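What follows is one structure encoded as structure tokens, with my remarks underneath.
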Amino acid sequence: AASDEGLKGIYVKDIPGARIDIHGKLYHPTWTRLAAPVPGETSGEMSGAPAVRNREIFLRDCVNWPDLGKIIVTTSHVKDTRGYNFNEEATIAEGGVTCVTVDGKQYGKISLTSPLQYYHHAGEEEYQCEV
């Protein structure tokens with residue numbers, strides 16, 4: 001109908017039997033939280049963690065995110081402004097998404113193409129940075 005033209009979206013109009021097919025992939029979950037802290041290359045806050053944890057991060061959930069996909073790791077700093085930004089964008093390495101089992105529980109493990117620079121917190125029963 002003529003009134004439909006004001007609607008936003010994709011629609012097929014005035015062609016008998018016409019249809020539209022949309023294909024894609026469901027990435028699940030679309031976000032999760034860190035299961036282990038990231039020490040960060042520029043941070044002395046967690047000097048006991050191995051440096052490899054700047055490039056290999058562990059997640060609370062297994063994921064099916066794509067190779068070379070982009071992720072964001074949120075900051076754990078209290079102050080988060082444009083001029084004081086510790087959020088980080090990273091790229092997933094080829095074959096970098098796996099699921100690991102620790103003490104009978106499954107966790108996601110993501111390998112990155114380059115190390116994260118800043119500390120990202122992941123407490124057991126408290127705050128965990130989001131990915």
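Because the structure is predicted, anything quoted here is derived from the model rather than measured.
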For N85, all residues meeting side chain to side chain donor-acceptor pair (under 3.5 Å), sequence neighbours excluded: N87

Side chain to side chain donor-acceptor pair (under 3.5 Å) partners for S111, two or more places apart: none

side-chain contact (heavy atoms from CB on, under 4.5 Å) against T101, all qualifying residues, sequence neighbours excluded: Q106

Residues that, via side-chain heavy atoms closer than 4.5 angstrom, fall in one hydrophobic cluster with V100: F58, V102, Y107

Interatomic distance, I92 atom CD1 to L68 atom CG [nearest 0.5 angstrom]: 8.5 Å

Salt bridge (Lys or Arg N to Asp or Glu O under 4.0 Å) partners of E56, counting only residues at least two apart: K109

Expected output: side-chain H120 to main-chain T74 donor-acceptor under 3.5 Å: yes

Residue pair T91 / L112, side-chain heavy-atom distance below 4.5 Å: no

Residues which pass side chain to side chain donor-acceptor pair (under 3.5 Å) with K105, listed by chain and number, not counting sequence neighbours: none

Spatial distance of atom OG (S76) from atom CZ (F86) [nearest 0.5 Å]: 10.0 Å

All side chain to side chain donor-acceptor pair (under 3.5 Å) counterparts of T32, not counting sequence neighbours: D61

Donor-acceptor contact below 3.5 Å, side chain E89 vs main chain K70: no

Intermediate values then yes/no, side-chain contact (heavy atoms from CB on, under 4.5 Å), V38 and V73: CA-CA 10 Å; V38 176; V73 183; 5.6 Å; no

Partner set under side-chain contact (heavy atoms from CB on, under 4.5 Å) for S114, not counting sequence neighbours: none

Plane angle bin for Y127 and H121 - parallel if under 30°, tilted between 30 and 60°, otherwise perpendicular: parallel

Pairing residues for R19 by the salt bridge (Lys or Arg N to Asp or Glu O under 4.0 Å) criterion, not counting sequence neighbours: D21

Minimum side-chain heavy-atom gap P29-V63 below 4.5 Å: yes

All pairs passing salt bridge (charged side-chain N to carboxylate O under 4.0 Å, His left out) where residues 116-131 contributes a residue, at least two apart: R33-E130

I71 vs I57 side-chain heavy atoms within contact, under 4.5 Å: yes

Note, Y27 side chain near N64 side chain (heavy atom, < 4.5 Å): yes

Pairwise distance CD(Q117) to CG(N54) - rounded to 0.5 angstrom: 8.0 Å

Disulfide bond (SG atoms under 2.5 Å apart): pairs with one or both residues in residues 56-128, sequence neighbours excluded: C62-C99

Closest non-hydrogen atom pair between A36 and A122, with its separation: C-CB, 3.5 Å

Results of side-chain contact (heavy atoms from CB on, under 4.5 Å) for I20 - residues two or more places apart only: I10, V12, I22

